[in-house]
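As the structure is a computational prediction, the values presented were derived from the model and not from experiment. In what follows, every chain begins at residue 1, and chains take the letters A, B, ... in the order their sequences are listed.
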Amino acid sequence: MAHDSSSSDSDYYVDWNSDDDMEIDNLIQTKKSLELVQRGFSDEMFATLVDMGFSIDMIARAIKETAGSSKSNTIDHFLGMGFDEEKVIKAIQEHGEENMVQIANALADAEKQPVVKEEDDIDWSSSDDEINYSNMLVSDDEDSNSFPGNNNKLRSLVKMGFSELEASLAVQRCGDNVSIAELTDFICAAQMARESSEFITDPEEQKPRHDVKKMRSESKRESMPYTDDVPVSLPNPMIGFGIPNCPGLITHRPLPYLARGPPYFYYENVALAPKGVWETMSRRLFDIAPEFMDSKYICAAARKRGYIHNLPISNRFQLQPPPKFTIHEAFPLTKKWWPSWDKRTKLNCIVTSKASAETTKKIRLALEAHNGEPPLSTQRHVISQCKKWNLVWVGRNRAAPLEPDEMENLLGFPRNHTRGGGVNRIERYKSLANAFQVDTVAYHLSVLKPMFPTGLNVLSLFSGIGGGEVALHRLQIPMKIVVSLEISEVSRNILKDFWKQTNQKGLLIEFEDVEHLSNQQIEELMEAFGGFDLVIGGSPCNNISGLNRVSRSGLVGEQSALFFEYCRILDVVREKTARMRR
DNA sequence: AATATAATGATTACGCCA
DNA sequence: TGGCGTAATCATTATATT
């Protein structure tokens, strides 16, 4: 048996490669059968993928995708990243579909100045409207100095067909000393990004605006008229803009101008939401395309989450040491009891519900009924239970649910992080189920480190047990001020305890309900501390999670509706930041 | 009274195949 | 393209136990 433990217990660190020769043989077999060599996949590349712990299925699927068996998937993949469709098609034609990396790089190069007019492939002169528009741009640019103040600019923009909201937002975000041309570019880029990345469901947004649709050249696919219902699709594999040290990393993306910081913001929620939820969230958060990432590509447990943020995505780096990547690495002691027919290398998502002791007992009895290998039907049933309840093998024929300690480990928290503050077991389970996967979040936040060498001010909403704070701490990014909003007293205590335990130099200010934080309070806090550099938080998923059988009512649900509180607070911080910077 | 346990489906997405 | 099976899923609440 491959996993029958002849190895001693000296190995807390398991050598993945030497330990899974069988698996690698299988991989090589798969590789040959897929004729990868013909497709230009070098052994090196393959070995790299294996080293990174990718499963047979993943590699096979990735190869199938890049081999051109499903062209729409390749296109969709990059469209999902927010790239322009024409550019994607062009890049694929130039580089061939089999090389996703080159395509990605080409797209990234083209987008280095994201959504800026010169590089854009939009045919500005394909209709009369655009000629007029271009002329207006030029003339206004020349005359822009003659406008004494914002009112005239606003009036001009409205005259040109932009809504008052768009115009005032543009002026607000761009500041005083910009020309009309820049403002129109600003708005237009925002419109285009909005249309290309997401669809529009709000009737208010559907009213005809400045003929952006007409500007689109007719080379677009007729079947995709770029109207309203372009759903947010989940990437497969769910790797966001890419995972550390992996080919296919996307380092640039078009970010709608209205979405730009400061402040930076970072929003999180479950990826597997009811239809329409992510579309709404994206639209409300400045039409940023969500970054969907499954933490199983970072650590040993799945955690499918969507992240909407306006952070740069180049030069990300991973926390050190990187988390254990497989179940065996994370929990070496389970290896001894792990049946050879349980092929799991990753755990499922950590949730609040826990398997009963009865489940463990039934599994044990079912296995004890046989000597040696149980029949296939028993195996299937046991595996099914293990996956359903996320069990690990802790003894002979004994599969048990995870302990809070083990969850902390998987999620990247310090050991006993949730033990402080007089926390009972149930609360620990609950708060951990609602927490960030720290390494994943830290990977996204890592770009902040060189930008804020002296530290940053953080507004942390729905802080929970402080996943964001732990991520920043582990990144060694100083937190000068953390204003934290968390309704659970237990969770507040945990964060407070963490703050003390880690000897934070900065100031932690804890509030309770986000709904009780008034706009005025926010502004006062910002004036007192010099503003916030980062607004971070994941709003409640109670009414969104697939595990909720009682009230999965989406964003209108009692708890999940607090998403709009996140938006309210973020809006206030953004506006105040803009004012403070003038 | 506080805490631990156990029962309670539906909504998605995706791969397969006709 | 569409039907069908497989799979996963930051949960809630009534009931049992201490």
Those residues that, when tested against [X], pass side-chain hydrogen bond (donor to acceptor under 3.5 Å, both in side chains) (two or more places apart):
X: Thr359(A); result: Ser356(A)
X: Tyr429(A); result: Arg425(A)
X: Ser460(A); result: Ser463(A), Glu469(A)

_Most 5' of Ala355(A) and Leu234(A) on DNA chain B, judged by nearest nucleotide_ = Ala355(A)

*Which class fits the ring pair His309(A) and His444(A): parallel under 30°, tilted 30 to 60°, perpendicular over 60°?*
parallel

*Could you run through DNA chain B and flag its stems, i.e. three or more consecutive Watson-Crick or G-U pairs with both distances under 3.5 Å?*
B:1-8 with C:11-18, B:10-18 with C:1-9

*Of all the choices, dG15(B), dA13(B), dA4(B), which nucleotide is nearest to the side chain of Arg425(A) once you look at every atom?*
dA4(B)

_Each nucleotide in nucleotides 4-14 of chain C should get exactly one letter: B, S or -. Can you fill that in based on protein heavy atoms under 4.0 Å?_
----SBBBB--

How close or far is atom [atom2] of [N] from atom [atom1] of [X], stated in whole angstroms?
X: Glu403(A); N: dA4(B); atom1: CD; atom2: C1'; answer: 14 Å
X: Glu427(A); N: dA2(B); atom1: CD; atom2: P; answer: 13 Å
X: Ile426(A); N: dT18(C); atom1: CD1; atom2: P; answer: 15 Å

*Provide the distance between the two P atoms, one in dT9(C) and one in dT8(B), to the nearest whole Å.*
22 Å

_Over all strands shown, is Leu432(A) touching base, sugar-phosphate only, or nothing at heavy-atom distances under 4.0 angstrom?_
nothing

_Exceeds 12 heavy-atom contacts within 6.0 angstrom, atom NZ of Lys354(A)_ = yes

Hey, can you pull the donor-acceptor pairs under 3.5 Å for the side chains in residues 510-517 of chain A, sequence neighbours left out?
unit_1    : atom_1 : unit_2    : atom_2 : d
Asp513(A) : OD1    : Glu515(A) : N      : 3.0

*Give, for atom CE of Met238(A) and atom CZ of Arg303(A), the distance between the pair rounded to the nearest 0.5 Å.*
13.5 Å

_Residue pair Arg419(A) / Asp405(A), side-chain heavy-atom distance below 4.5 Å_ = yes

